[in-house]
Every structure is written in C-alpha cells, then in structure tokens.
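Here the structure comes first, spelled out in structure tokens, and everything after it is commentary.
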Number of protein chains: 4
Amino acid sequence: MSDHQDAGVRLEPALGRPRSADATEAVLAAALALAYEGGVHHATAARISERSGVAKTTIYRRWPNAAAVVMDAFLDEITPLIRYRRRADVRATFIAAIKELARALRGPRGDLLRHLLGVAQTDLELQKAFWDQWISPRRVQAKEVIAEAKTLGQLRADLDEDVLIDTLFGAVYYRLMIPYAEVSGPYIEALVDQVLAGASGPRI
Amino acid sequence: MSDHQDAGVRLEPALGRPRSADATEAVLAAALALAYEGGVHHATAARISERSGVAKTTIYRRWPNAAAVVMDAFLDEITPLIRYRRRADVRATFIAAIKELARALRGPRGDLLRHLLGVAQTDLELQKAFWDQWISPRRVQAKEVIAEAKTLGQLRADLDEDVLIDTLFGAVYYRLMIPYAEVSGPYIEALVDQVLAGASGPRI
Amino acid sequence: MSDHQDAGVRLEPALGRPRSADATEAVLAAALALAYEGGVHHATAARISERSGVAKTTIYRRWPNAAAVVMDAFLDEITPLIRYRRRADVRATFIAAIKELARALRGPRGDLLRHLLGVAQTDLELQKAFWDQWISPRRVQAKEVIAEAKTLGQLRADLDEDVLIDTLFGAVYYRLMIPYAEVSGPYIEALVDQVLAGASGPRI
Amino acid sequence: MSDHQDAGVRLEPALGRPRSADATEAVLAAALALAYEGGVHHATAARISERSGVAKTTIYRRWPNAAAVVMDAFLDEITPLIRYRRRADVRATFIAAIKELARALRGPRGDLLRHLLGVAQTDLELQKAFWDQWISPRRVQAKEVIAEAKTLGQLRADLDEDVLIDTLFGAVYYRLMIPYAEVSGPYIEALVDQVLAGASGPRI
DNA sequence: TTTTAATCGAGACGGTACGTCGCGTCTTGTT
DNA sequence: AACAAGACGCGACGTACCGTCTCGATTAAAA
C-alpha cells in the first residue's frame with residue numbers, strides 16, 4: 001500500500017477515527033480488477049465505489065482521482081515481481097532483470113502500465129508518483145549493479161550510468177508504448193549484448 | 001495535412017457541395033493553438049469548433065475525435081522540422097538527427113508530443129496514426145542510414161538495426177515521458193558515443 | 001408552459017435544432033408527479049431525468065435547478081383553476097375567488113405550494129418567478145375587481161387597494177404556511193365580512 | 001435558550017460528564033453569525049462546528065439539525081425585541097406592536113426569518129418550533145389585547161379574534177415573504193386603520 | 001433552369017463521468 | 001457520560017465533453 005496522503009510516517013497519536021484498512025484494500029482490489037477488465041478509463045470513481053462497497057467520498061478523501069487509485073493498486077501488485085537479483089556477471093544480471101520485467105508486463109499488465117504511463121503524461125501528480133514509486137527505485141538498484149560491475153572490470157570505468165540505463169530500459173519502454181514488435185527473450189539478449197559490445201564497426 | 005477520412009483516393013466525381021479546404025485549415029490551426037494553450041485536453045471538439053468557426057458536425061465528418069485533429073495538426077507542423085541529413089559519418093548523422101529532434105521538441109512542443117503519445121495509449125486509432133505518420137517513416141530513414149554505414153564499415157555488419165534504433169530513440173523518448181533530466185546536447189553525444197562504442201570493460 | 005429561458009417572444013427564425021416540446025412536457029409531468037409523491041425535495045434533477053426519459057443535461061439547459069422545474073409544472077397546473085369570476089357584488093366575488101383558491105390548494109397541492117414558497121425564500125430566481133407568474137397577475141385581477149366596486153359604491157373610494165389585497169390574501173397564505181387552522185368555507189366568509197365591515201366597536 | 005433535547009425535565013442525577021454550557025453558547029453564536037453572513041444554508045453543521053470549536057457530534061447531541069440551531073439562536077436574539085406594550089387604545093397598541101416587529105425585521109434579520117420560515121415548510125420539527133416559540137406566544141398576547149379592547153368597547157364584541165390577527169399579521173408576513181413592497185410606517189398605520197374601519201362603502 | 005445531393009452553421013439531445021458539498025452516524029482517544 | 005477529532009456511507013449537486021441528431025441555408029454538378 002502506498003497511499004497518496006500519508007507517504008511520510010505519522011508520529012502523532014492519530015486523532016479521530018482512524019482510516020479503515022479494509023476500505024483501502026477493497027478500493028485497491030476493485031480498482032485493479034476494473035482496470036484489467038476494461039482499461040484504465042473503465043475504473044471510474046463511481047464504479048470503484050460500487051464494486052468495493054466504499055463510498056465515493058472516501059475514495060476522494062484519500063486519492064486525487066480514480067487513475068491514482070489504479071496506479072497505487074498496480075504498483076502494489078507489480079513491485080514484488082520485479083526485484084533485481086545478482087547473476088554471474090552484468091550481462092546475465094541485466095538480461096535476467098529485463099526478462100523478469102518483460103514477463104511481468106506480458107499480457108494485460110503491460111497494457112495497464114502503458115495506459116497509466118499515458119495518463120501520467122497529462123497528470124503531474126501521477127507523473128511524480130510514477131517516478132517516485134516505480135522508476136526511481138529501480139534506477140537506484142540498476143546503479144548499484146553498474147557500480148559493482150565497474151569494480152569488477154565488467155564495465156568501462158568512464159561509463160555514464162544514466163546513458164546505460166536509458167538505452168537498456170528506454171528500448172523496453174519504447175517497445176511497450178509503440179508496440180511495433182514484442183519484447184521477446186531473444187530480443188532482450190540481443191539488446192543487452194549490443195549495448196555492451198557497441199555498434200561500431202571493426203577498428204582495424 | 002493528412003485527413004483521416006480520405007486516406008483512400010476518391011474516384012467518383014464527387015456529388016454535392018464539395019468540402020471546404022478553408023474549414024480544414026481553420027480547424028487544424030485552432031486545434032493546435034488550443035493544445036498549446038492548455039494541453040491536449042483543452043482542445044475539445046466544442047472549443048475547436050468555436051475558435052475555428054467551423055461546425056462541430058463538420059469536424060466529426062472528417063476526424064474521429066478531437067485528439068485526432070490535434071495529432072494531424074501537430075504532425076503537419078513538426079514533420080518538416082526533423083528530416084535526416086547525411087553528415088561525415090554515422091556518428092555525426094545520428095547526433096545531428098537526434099539534436100534536431102530534441103531541438104524541435106524543446107518547450108511546449110515536447111509536452112504536446114508527450115500528451116499525444118499518452119492519449120494514444122488508450123486510443124487505438126491514434127496509436128496507429130502515430131506509428132504510420134511519425135515513427136515508421138523515421139525508422140525507415142534511420143535504416144537507410146544504418147545500411148549505408150554498414151557498407152562503409154562504420155557499423156558492424158551483423159548489427160541488429162531495430163535494436164540500434166530502439167536504444168538510441170528509446171532513450172530519447174524515455175527522457176521525454178519520464179522527464180527526470182533534459183535531453184541536452186552533451187547527453188546526446190554521450191548517448192551516441194556509448195551506443196557505438198559499447199559499455200563493456202576492456203577485453204584483455 | 002412557462003419556460004425560464006424564453007420568457008420573451010423569439011422573432012428570429014430559431015437557428016439550429018429546435019427544442020423538443022415532448023421533452024419539455026415529459027419533464028414537467030415527471031417533476032410534478034415526483035413532487036406530489038415525496039415533496040419538492042424528492043423531485044431531484046436525476047429522478048426527473050430518469051422518470052421522464054429526458055437527459056439531466058437537457059433539464060439544466062432549460063431550467064436553473066430542479067425546484068424551478070417543479071415551480072413551472074405547478075404553475076401550469078394551477079393557473080387555469082383559479083380565475084376570478086364576477087359575482088353579484090364585491091363580497092361575493094372575493095368569497096368565491098378565495099374559496100376557489102382554497103379548494104385548489106386543499107390537499108397535496110397546498111403542501112406543494114407551501115414547499116415552493118419555502119424554497120423561493122432562499123432562491124431569488126424562484127422568488128421572481130413566483131411573483132411574476134403567480135402573485136402579480138392575480139393582484140392585477142383583484143385590483144380590477146376593487147376598481148369596479150369603487151365605481152359601484154361597494155367599496156370606499158379612498159380605500160388602499162394594496163392593503164385590502166394584503167389583508168385578504170395575507171390571511172390565507174398565513175394559514176397556509178403556519179397551518180394552525182384550516183382555511184374553511186365559514187372562515188373565508190368571516191374573513192371577507194370582517195375585512196369589509198371593519199373591526200371597530202360601535203361609534204356612538 | 002430553548003434546547004430541543006431537554007424540553008422535558010431531567011430528574012436523574014446526570015451520570016458522567018455534564019454538558020458544557022459554554023459549548024451551547026458558542027454553537028448558537030456561531031450559527032447566527034454564519035446565517036447572517038451567507039443565509040441559512042451557509043450555517044451548516046460542519047461550519048458551525050469549526051467556527052464554534054464545538055464538535056459536530058456535540059451539536060447533533062443537542063439539536064436535530066443545523067437549521068434548528070439557527071432557529072434557536074434567532075429566537076433567542078429576537079424575542080426580547082418584540083414585546084407587546086399597552087398604548088392609549090387598540091389602534092395605538094397594534095400600530096406600536098407591528099412597528100416594533102417591522103423594525104426588528106428590517107434588514108438581514110428579516111431575511112433570516114424569511115429563510116427560516118421557508119425551511120420550516122419542509123421540516124415538520126422546525127414548523128412546530130416556529131409555532132410554539134414564535135407565533136403562538138405572540139397570538140396569545142394579541143388575544144389579551146383584543147379581549148381588553150372588547151371590554152372597553154374599542155372593538156366589536158362579536159369580532160373573530162383569529163380573523164383579526166390573521167389579517168393584521170398575515171399582511172405583514174405576506175409582504176415579508178413576497179417582498180413586492182416594504183412594510184413602512186405609513187403602511188402599518190393604513191393597515192391597522194383600514195382593518196379597524198372596514199373596507200365597505202357608505203351604507204346610506 | 002431546375003433538380004439533386006452533399007456540405008455547412010447552429011445548437012439541441014441522451015449519456016457518462018466528474019469532483020464537491022452537506023448530511024447524520026460511527027469510532028477513536030481524552031476529560 | 002460528554003467531548004474533540006475526524007473517518008465513513010450516502011445522496012444530490014451542477015458542469016464538462018462526448019458523439020449524434022435535426023434544422024435551415026449553401027453550393028455545385030446533373031438533369
């Protein structure tokens with residue numbers, strides 16, 4: 001759960017009636033189900049309210065709009081599925097990480113991410129949530145991997161980390177949002193290999 | 001101008017009153033102005049109609065929805081600004097092309113593209129228009145550049161073209177849609193250099 | 001029908017699609033039925049829309065709020081029921097007029113008027129509609145009756161018309177809104193008689 | 001102060017924490033201020049609570065709804081302003097009483113009464129409160145005046161008291177709720193005079 | 001010259017969703 | 001018990017756009 005309101009830690013003894021955890025759960029579940037059924041636009045505040053049994057006002061008391069609810073629910077669901085795990089070398093680690101990501105996004109989950117990223121383009125708050133809760137933490141992990149690899153001599157010492165991450169994951173998101181071809185296993189291997197080896201012709 | 005309706009050629013001698021070309025122009029201009037003023041969502045059918053003096057019916061007779069009008073107007077405007085031009089070598093050609101693209105998208109125009117790409121995620125017709133009129137033609141041009149470079153030995157012969165394009169432009173679109181940092185001149189040079197040189201450490 | 005919008009006469013040839021008379025009728029009928037069923041507050045815009053089959057937006061296009069619809073419907077219904085008719089003398093004319101009014105307001109119709117007058121206290125537009133379409137025309141008729149009676153010597157020549165009307169009808173509305181007792185036939189006769197005869201004791 | 005709850009006498013020794021008198025006072029003051037600022041509808045339970053610093057729960061423990069609070073506050077304020085005082089004769093007594101009433105209701109206080117009477121039309125409890133605490137006691141006083149006047153021969157012995165009160169005060173409330181003209185001093189004199197003298201022409 | 005047919009402007013229409021307000025009730029911990 | 005705080009379910013509000021429709025008025029080629 002990653003509420004929009006209480007992102008920070010609440011230290012005060014919490015005056016008044018506490019927020020219902022059941023309600024939160026029911027709302028997130030309903031929102032996710034609706035979004036999978038008919039796309040982000042199908043998960044309206046009214047429908048989430050009806051399906052979850054939680055009043056519309058309660059929803060708006062906690063999230064700025066329906067899309068934000070779906071975003072929270074989506075992130076709750078996907079975060080545990082895509083953790084970096086160290087492999088033999090950088091190549092293997094990145095291939096594994098990207099394959100795990102691609103697998104997690106295969107099918108309706110990918111569409112949902114596409115839609116959310118789409119809506120985030122015209123919704124600053126969502127944009128920020130996207131960065132804070134999805135992109136940024138994963139970049140941090142990627143940078144740790146890169147740093148280790150540099151130490152081990154697997155990556156060039158003068159390498160620009162951001163460029164490396166942008167090229168690897170940029171390619172994946174590019175194919176997600178402009179879906180002219182699949183992000184297949186072989187593609188991922190070719191992608192990582194080429195990014196590591198470079199595109200230049202033989203320097204003789 | 002790239003009307004959605006008369007993509008095919010009209011062979012019949014066109015009975016009745018012919019469509020007004022002025023109307024089309026006025027609609028596109030109004031749509032673009034509105035989108036720049038307040039985002040894609042500000043360019044509603046009603047507002048475009050009012051601003052352009054063209055009836056809503058007429059708009060819907062030619063475009064499926066308001067976003068499609070904005071897309072058409074946007075593509076009309078941007079296409080001439082981003083043509084590939086050959087330089088000394090692949091490196092220079094790509095750097096120049098990406099810099100031109102980045103320059104064209106700096107400021108409000110980039111936001112508009114972001115928004116359109118966003119809306120396209122939940123609008124199949126727009127998705128297709130995006131691919132057909134923006135992405136695809138540019139990929140064709142890029143592939144010509146790559147082919148030439150392969151012939152000249154500037155790029156590896158066994159190179160996967162799609163991967164190369166995905167990494168280069170994926171990085172740019174990634175930074176466009178997840179705007180954590182600018183697509184600056186130095187960044188573009190670093191990007192192209194690293195993609196060409198590869199990220200691997202020294203093979204001893 | 002007494003639309004809030006086109007109170008004045010429209011001379012222009014009426015551009016665009018004309019307003020549906022059926023819709024107007026259906027809305028008024030639904031509003032009145034709902035108000036009789038459960039009071040003015042039961043005639044909400046949503047319910048009127050549902051019952052009449054006319055979209056909520058169409059309702060708001062013509063009336064400022066649900067209460068105004070009920071008011072229009074009520075006035076349409078009641079106006080033909082309470083016309084002044086001349087009798088033998090002023091006394092008989094007023095008694096007949098007030099009895100007709102009382103009869104028309106007996107039962108649910110009186111409650112509806114009470115409610116509407118109530119709502120009008122916090123709604124300027126309704127207040128005005130009330131005066132223009134209900135009170136004012138009836139006062140005009142009353143003044144004609146008074147003028148005639150003065151000519152015939154049935155009423156004192158120096159009489160203040162407004163005071164006379166205020167006392168007669170003020171008493172009726174007073175009992176309507178502060179319903180401590182009924183506006184019965186005998187009461188009406190006593191009312192008119194006492195207003196005509198005066199309350200003063202015998203001038204010896 | 002005329003609490004809705006403890007109309008009956010509380011005989012039990014009152015277990016637990018006793019009710020705060022300060023709270024009651026603060027609530028009434030806040031309610032009245034809010035009603036004067038923006039009309040009865042502006043005095044919502046939430047706003048009264050916030051302004052007075054008294055919890056919403058506490059308010060609902062003592063009054064059935066926000067309008068009842070305003071009513072209580074209004075009556076507390078106005079009651080001392082409008083006591084009957086005997087003058088030379090009935091005519092003078094009534095003129096003085098009505099003038100005092102009119103003076104008290106001039107300006108925002110009249111609007112507030114209008115609004116309350118309006119709301120009372122759709123709120124039985126308020127309706128009753130209105131009668132019990134405002135209208136009824138004043139009618140009792142009026143009847144005493146009338147009885148005295150009858151004894152003194154200033155009013156006809158066979159006079160119907162209710163009709164007399166209805167006509168005099170009905171006219172005032174009529175002009176309050178259907179404000180087509182002011183309740184001015186001269187108007188009040190003309191009103192009382194005409195009600196006393198009668199409207200009939202000369203019986204020759 | 002008169003059809004004939006598609007276009008155009010204007011604007012009404014049925015719908016869906018929005019985000020907010022106010023209601024009166026409830027669940028906390030505190031007095 | 002009563003209290004402050006505030007969450008909660010509920011119903012209604014009035015608005016924004018959507019895409020469709022129905023008018024009368026143009027506009028040009030076909031009859």
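In the text below, chain A, chain B and the rest are named by the order of the sequence lines, each starting its count at 1.
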In whole angstroms, how far is the [atom2] atom of [N] from the [atom1] atom of [X]?
X	N	atom1	atom2	answer
A:H41	F:dC18	NE2	C1'	13 Å
D:R47	E:dG22	CZ	C1'	9 Å
A:K56	E:dC18	NZ	P	8 Å
C:N65	F:dT15	CG	P	10 Å
C:L15	F:dT26	CG	P	11 Å

> Between F:dG9, E:dT27, E:dC18, which nucleotide has the shortest distance from any of its atoms to the side chain of D:T57?
Replying inline: E:dT27
>> Heavy atoms from C-beta onward define the side chain here; which of F:dC18, E:dC8, E:dG9 lies closest to that of B:T44?
In response: F:dC18
> What does A:S49 touch in the nucleic acid at a heavy-atom separation under 4.0 angstrom: a base, only the sugar-phosphate, or nothing?
Replying inline: nothing
>> Can you see if the side chain of D:T58 gets near the phosphate of F:dA4 - specifically, an N or O under 4.0 Å from OP1 or OP2?
In response: yes
>> Under 4.0 Å from OP1 or OP2 of F:dC3: is there any side-chain N or O of D:R61 that close?
In response: yes
> Where is the tightest heavy-atom contact between C:L126 and C:A68, given as atom of each residue plus distance?
Replying inline: CD1-CA, 3.6 Å
> Nearest heavy-atom pair of C:R51 and C:A33: which atoms, and what distance?
Replying inline: NH1-CB, 3.8 Å
> Got a donor-acceptor pair under 3.5 Å from the side chain of B:R17 to the base of E:dC8?
Replying inline: no
> For D:A46 and B:V54, take the nucleotide of DNA chain E holding the closest heavy atom to each; which residue's nucleotide lies nearer the 5' end?
Replying inline: B:V54
> Pick the nucleotide of DNA chain E nearest each of A:P18 and D:A45; which residue has the one closer to the 5' end?
Replying inline: D:A45
> With no hydrogens and no angle check, is any side-chain donor or acceptor of D:Q121 less than 3.5 Å from a backbone partner on C:L116?
Replying inline: no
